[in-house]
Number of protein chains: 2
Amino acid sequence: MVKITDVARRAGVSPSTVSYALSGKRPISDATRRRVQAAVRELGYRAGGGGRGAAGRRSQVLALAVPMRSGVHVPVVTQFAVSVVAAARAHDHDVLLLTQGEGEEGIGRVADTGLADAVIVMDVQLQDTRLPLLRSGSLPSVLIGVPAEPDGLTCVDLDFRAAGELCVDHLARLGHRVVALVGSPPEVYVRRTAFARRLVEGFTSAADRHRLTSAVYPCGTGRDAARAIAERLVRELPALTGVVVHNEPLIDPLIEAFGHLGLRIPGDLSLTAVCPASVAASARVPVTSVAVPSAELGTRAVHLLVRKLAGAAVPQSTLLPPRLTERASTAPRGA
Amino acid sequence: MVKITDVARRAGVSPSTVSYALSGKRPISDATRRRVQAAVRELGYRAGGGGRGAAGRRSQVLALAVPMRSGVHVPVVTQFAVSVVAAARAHDHDVLLLTQGEGEEGIGRVADTGLADAVIVMDVQLQDTRLPLLRSGSLPSVLIGVPAEPDGLTCVDLDFRAAGELCVDHLARLGHRVVALVGSPPEVYVRRTAFARRLVEGFTSAADRHRLTSAVYPCGTGRDAARAIAERLVRELPALTGVVVHNEPLIDPLIEAFGHLGLRIPGDLSLTAVCPASVAASARVPVTSVAVPSAELGTRAVHLLVRKLAGAAVPQSTLLPPRLTERASTAPRGA
DNA sequence: GAACGCCGTCGAAGCGCTTCGACGGGTGAA
DNA sequence: TTCACCCGTCGAAGCGCTTCGACGGCGTTC
């Protein structure tokens, strides 16, 4: 490992001069700066590691807490993580990966040891056990997802409530009068995962506003679950013509299951989903959808965190407005 | 952040005594140790962070380099990453996430700055640009995947060659005489990704050994690609009765495509896959498969790395033997 | 032409931790 | 009873880096 004293010797200056030349925190003559930079290049020096941390400086590391709970869609989470890493790198930070029970213990550890400068927290529940820790302020944080009480926190998310409303608005505008929400697996609601609950709220309130008949069905994943829920929908809501799906891996099997029941999409049934655009576009019937912009959320989260670290004030909640993209799965009722 | 001097004051001893009491590197009286431990508990002290690194000690961080190239199956990679984090935590380490172009730059950065003590490298190509860096020994490493020249490296992987053979052996034993391999997307082979190439080798050599007619078809993902490849197989290999699939997201669409062509599985066609057990089991026809044990690979990789860090000698290559699980997709020819 | 001030650089201190050498007191051996 | 030794503890030094205060030399200014 090349150290700052090596560079200093090579450039014929003192270590402190090297430090200043690189950080720009004090004026350094052009000539000297150039010599320092040359030495850095020749030796392949990179600051950081040990001394930096010891000197009370930042570690330039962001922690990313991803619980990886059951029922969450892996590709969405992964995409998010990847975009966080990319954004962090663009701000000269690295990313430390925290998972599982780590969710809580990990945040504490990071806060206590100063391993990371800040943390991004994913998969937030309405009442999240990690909130007290985060609110204590010992570690700057940004949450993906908005808990019930966001005071004193920084949150960013898709506006899932508006997303739910948007889907229903779209269906209502097409003349559908009976709509159902096929949601995430039951455990997700039991955990009170924020985004899932908010989507239900939006769905329900928009349906009420439009005076539609509506119902909500949490649902597991897989072909069997899809078949079961499809049959149940047909049985319990014979007049059903509009469906909103909030369950990525279920979209395709569900379309298939409706097909087996003789229901054509969008002829008999209009389908709307809240999911990543790629999933919606590659379904067996391309699905009209509200995109979940995981990549953008990741980027935003990092930006917010970096600004917080710089001491800037940031908004408490950033809710991205949902955007609906029409595809082949929706049509006017009776068309 | 509570520091070691806080603990020392609280316990009425010197900082060095605290350090020794916690590390056990020198004998400390029972009474003192107990007082130190009490102080640690009361104050919530955790060593690490700044000073540790500065004092030339290890950072207790492992880097994980996941290129996230196109054509790799995201859930497999993610599962792997999760198991690495869990295993690392069990050894009191944290995990730093490196992605993308980071693959190369990131490893260099980690090596130069001492950000992490070691690195686990995924998605290894036969000729990987990262190898020289790793062989230089500046940073202990373990590769997931075995490059063409594994000398001087530590590698762990499923024995994909044997996996390919095992699938063919199984089909041959069932009496199939014409077999095809539906592989990963073309770009994976172009990149010379080690595991994909090895599987092809195994497939081909076993087919030759059994004197079977065989062919290899790289294939993209999605329903359209599945349909196209199915039609092509039927056209080019009319006598085909055995198929090996090495392409997770294609398995289900492929089964469906064969169905559309009037080919029943396993009646007309026997299907074998190399994929995670969960994928094989939840396909629309449960598929006889050789499991890709991502979780175990992650755990193994961490174990190896930890032993390397401890100065122990570790084997150059660890190849996990493939295990084939019979499910509903294979049957004797003409049964 | 002398005093002032500023620019560019350096030395030293200090961050939190580990580790080496030393030291004091108790114990066992002679 | 004395000496030697060892056990348990401490102080100091040092890891690589940043930062503060200081200092020397130059250009200004009256």
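Reminder, nothing fancy here: chain letters follow the sequence lines and each chain counts from 1.
- Ion pair B:R198/B:D157 not flagged as a salt bridge, since none of the NZ, NE, NH1 or NH2 atoms sits closer than 4.0 Å to an Asp/Glu carboxylate oxygen.
- The side chain of B:S14 sits closest to D:dG11 out of C:dT19, C:dC10, D:dG11.
- If you take CD on A:E105 and CZ on A:R109, they are separated by 5.0 Å, rounding to the nearest 0.5 Å.
- In this structure, the CZ atom of A:R9 is 16 Å from the C1' atom of C:dC10, given to the nearest Å.
- If you check D:dT19, D:dC20, C:dC20 against the side chain of B:R26, the one that comes closest is C:dC20.
- In this model, the phosphate group of D:dT18 is approached by a side-chain N or O of A:R52 to a distance below 4.0 Å at OP1 or OP2.
- Residue B:A54 places its side chain closer to C:dG16 than to any other of C:dT18, C:dG16, C:dT9.
- Remark: A:K25 is not in phosphate contact with D:dT18, judged by side-chain N or O atoms under 4.0 Å from OP1 or OP2.
- The CD-C1' distance, from B:Q60 to C:dT18, rounds to 14 Å in whole Å.
- Between A:F195 and A:F160, the ring planes lie tilted relative to each other; the angle falls in the 30° to 60° range.
- A:M1 has its CE atom 9 Å from the C1' atom of D:dC15, to the nearest Å.
- When the P atom of D:dG8 is taken as reference, atom CZ of B:R34 falls 13 Å away, rounded to whole Å.
- Between A:D30 and A:R34, at least one side-chain N (NZ, or NE/NH1/NH2) sits under 4.0 Å from a carboxylate O, which counts as a salt bridge.
- Here D:dG8 is the nucleotide among C:dG16, C:dA12, D:dG8 with the atom lying nearest to any side-chain atom of B:P27.
- Rounded to whole angstrom, the span from the CZ atom of A:R33 across to the C1' atom of C:dT9 amounts to 13 Å.
- DNA chain D is contacted by both A:A47 and B:V18; B:V18 maps to the nucleotide lying nearer its 5′ end (nearest heavy atom per residue).
- Going from atom CG of B:D117 over to atom CG of B:L62 covers 7.0 Å, rounded to the nearest 0.5 Å.
- For B:T32, no side-chain nitrogen or oxygen approaches OP1 or OP2 of D:dG8 to under 4.0 Å.
- For the pair A:T17 and C:dC10, the criterion of a side-chain N or O lying under 4.0 Å from OP1 or OP2 is met.
- Atom CZ in A:R46 sits about 18 Å away from atom P in D:dG16, given to the nearest Å.
- One can place CG of B:L22 at 17 Å from P of C:dG16, the figure rounded to the nearest angstrom.
- Of the candidate nucleotides D:dT18, D:dC10, D:dG21, D:dT18 has the atom nearest to the side chain of A:I4.
- Within the 4.0 angstrom heavy-atom criterion, base atoms lie near B:S16.
- Checking C:dT18, C:dG8, D:dT19 against the side-chain heavy atoms of A:R57 singles out D:dT19 as nearest.
- For A:K3, no side-chain nitrogen or oxygen approaches OP1 or OP2 of D:dC17 to under 4.0 Å.
- Two residues, A:V2 and B:S29, neighbour DNA chain D, and the one matched to the more 5' nucleotide by heavy-atom proximity is B:S29.
- Counting only heavy atoms from C-beta outward, the side chains of B:V61 and B:L115 never approach each other to under 4.5 Å.
- Note: OH (B:Y20) to P (C:dA22) measures 13 Å, nearest angstrom.
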